[in-house]
Asks: 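Let me begin by handing over the structure; questions about it come next.
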Amino acid sequence: MVKVDLSGAAGFFTGAGPDYALAGLAHQTLADKSGLGADFTGWEELPRRIKETELDAIVAAADRIRARSQALVVVGIGGSYLGARGAIELLKPLPGEGDPRVFFVGNGLSPDYLCDVLRQLGDSDFDVNVISKSGTTLEPAVSFRIFRELLVKKYGDKADEHIFATTDARRGALKAQADEKGWPCFVVPDDVGGRFSVLSAVGLLPMAVAGIDVRRVIDAAIAEFEALDLRSPENPAWQYAAARQHLYHTGKRTEILGCYEPSFRFMAEWWKQLYGESEGKDGIGIFPASVEFTADLHSMGQFIQAGPRDLMETIVRFAKCRDRYAIPFEEADADGLNYVAGRDLADVCRVAADAVKEAHIAGGVPNIVVEVEQRNEEGFAALVCFFELACAISGYMSRVNPFDQPGVEAYKKNMFRMLGKPSSK
Ligand code: PA5
């Protein structure tokens with residue numbers, strides 16, 4: 001199970017400190033399905049609920065793609081891509097032998113980015129996994145149209161065999177197209193919102209194509225959600241949710257998520273969507289930001305150390321590194337580094353993390369550590385379950401509906417008006 005260390009935050013707690021009783025109530029509300037947005041709380045059941053036949057179909061589709069293509073183009077935005085991208089960059093930052101490259105498109109409207117992907121794709125054989133719960137989101141719909149045209153140019157009347165759709169079981173333009181064209185269809189369950197969907201086909205199919213063992217992910221997620229059902233202040237999700245809510249009420253309005261693994265970058269993007277979209281509403285919310293250490297210590301370090309004192313910091317740590325590498329000894333010692341020669345990089349990194357923690361706490365930034373064992377399928381699953389549950393508890397503690405996102409409609413309305421979208425579409 002994930003471990004949470006609040007020792008670096010405890011010095012900032014005031015009064016009675018984090019309200020574990022309220023965290024417990026929030027957890028109960030979630031479990032009873034009696035809170036706001038209860039219709040969208042199916043994410044906690046996803047790993048238990050997924051049928052063996054569905055997992056088989058996901059793995060079979062992935063095997064088919066892996067056998068015939070050098071690339072998979074994943075079309076999706078927000079919750080329809082960040083989880084898969086986070087997982088793949090965390091666990092497979094470089095494709096292994098026989099692993100197709102996975103490109104993510106439809107998460108913006110930049111023609112430059114699109115053309116860069118097209119150039120990298122070259123004349124590789126590829127498949128497309130189009131992911132959209134609503135089936136109507138503009139960005140992925142535009143990219144999908146472009147890649148469909150490309151598939152037709154490349155494969156002619158076999159183009160449809162290269163398309164896999166992940167969408168609503170019944171509704172939406174994408175579902176209608178898939179039914180008409182006979183594309184294999186995977187389901188985004190009705191009771192799961194985009195940002196909570198990574199443990200459904202939304203995340204699992206691209207992950208399986210990248211060579212991630214999705215059965216291991218699901219088994220680990222079942223065990224993790226079971227462990228996180230603990231109803232006590234020992235529950236790490238209660239600790240994290242209650243601590244960050246408490247710190248927010250002491251004036252810490254921004255939470256920075258940091259990690260010393262560069263491969264964590266898109267997991268942090270996934271986390272930002274999860275917390276930002278779930279909590280930023282009704283005029284309140286902790287602003288979620290992220291940094292990559294040690295790189296950002298040389299850019300954002302100054303701000304964190306000495307800027308406005310409204311920050312809290314959460315560091316994700318992997319207890320064991322996958323690899324070790326000892327720093328070489330040099331007789332001449334021209335760079336003066338022999339004092340660390342022979343030490344493993346992992347040890348030096350750990351010392352750096354301890355030094356940063358001490359400095360940031362001294363500078364007024366509370367520090368929370370979230371630790372999992374290793375950067376592998378189990379570690380990924382543990383982080384997903386932990387952050388999802390803590391997010392729901394934290395949202396209920398702040399009395400918002402953590403499962404809706406009414407604010408994202410505002411720009412869409414303007415954009416559709418400016419683009420001249422007919423009201424019937
Ligand atoms: O979390 C969410 O609900 C959003 O980020 C959606 O996932 C995103 O807007 C994409 O929506 P859709 O999957 O309907 O295309």
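Residue numbers run from 1 in the order of the sequence given. Read the numbers this way: they start at 1 and go in the same order the structure lists the ligands and their atoms.
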Asks: Do E313 and K252 meet the salt-bridge criterion of a basic N to acidic O distance under 4.0 Å?
Replies: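 Salt bridge between K252 and E313, a charged N being under 4.0 Å from a carboxylate O: no.
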Asks: Quick one: side-chain hydrogen bond (donor to acceptor under 3.5 Å, both in side chains) partners of D116, sequence neighbours excluded?
Replies: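 Counting only residues at least two positions away or on another chain, D116 forms a side-chain hydrogen bond (donor to acceptor under 3.5 Å, both in side chains) with R119.
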Asks: Contact residues of ligand 1 with a heavy-atom cut-off of under 4.0 Å?
Replies: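 For ligand 1, the residues that come within the 4.0 Å heavy-atom cutoff are I77, G78, G79, S80, S132, K133, S134, T137, G194, R195, Q273, E277, Q405.
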Asks: Less than 6.0 angstrom separating the ring centers of F126 and F103, yes or no?
Replies: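 No, ring centres 6.0 Å or more apart.
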Asks: With sequence neighbours left out, write down each residue that passes side-chain hydrogen bond (donor to acceptor under 3.5 Å, both in side chains) with D282, or none if nothing qualifies.
Replies: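 Testing D282 for side-chain hydrogen bond (donor to acceptor under 3.5 Å, both in side chains), a comparison that skips the adjacent residues, returns none.
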Asks: What residues, two or more places apart in sequence or in another chain, satisfy side-chain hydrogen bond (donor to acceptor under 3.5 Å, both in side chains) together with S7?
Replies: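 side-chain hydrogen bond (donor to acceptor under 3.5 Å, both in side chains) check on S7 returns D5.
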Asks: Are Y240 and F387 an aromatic pair, judged by ring center distance below 6.0 Å?
Replies: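 Yes: the rings meet the under 6.0 Å criterion.
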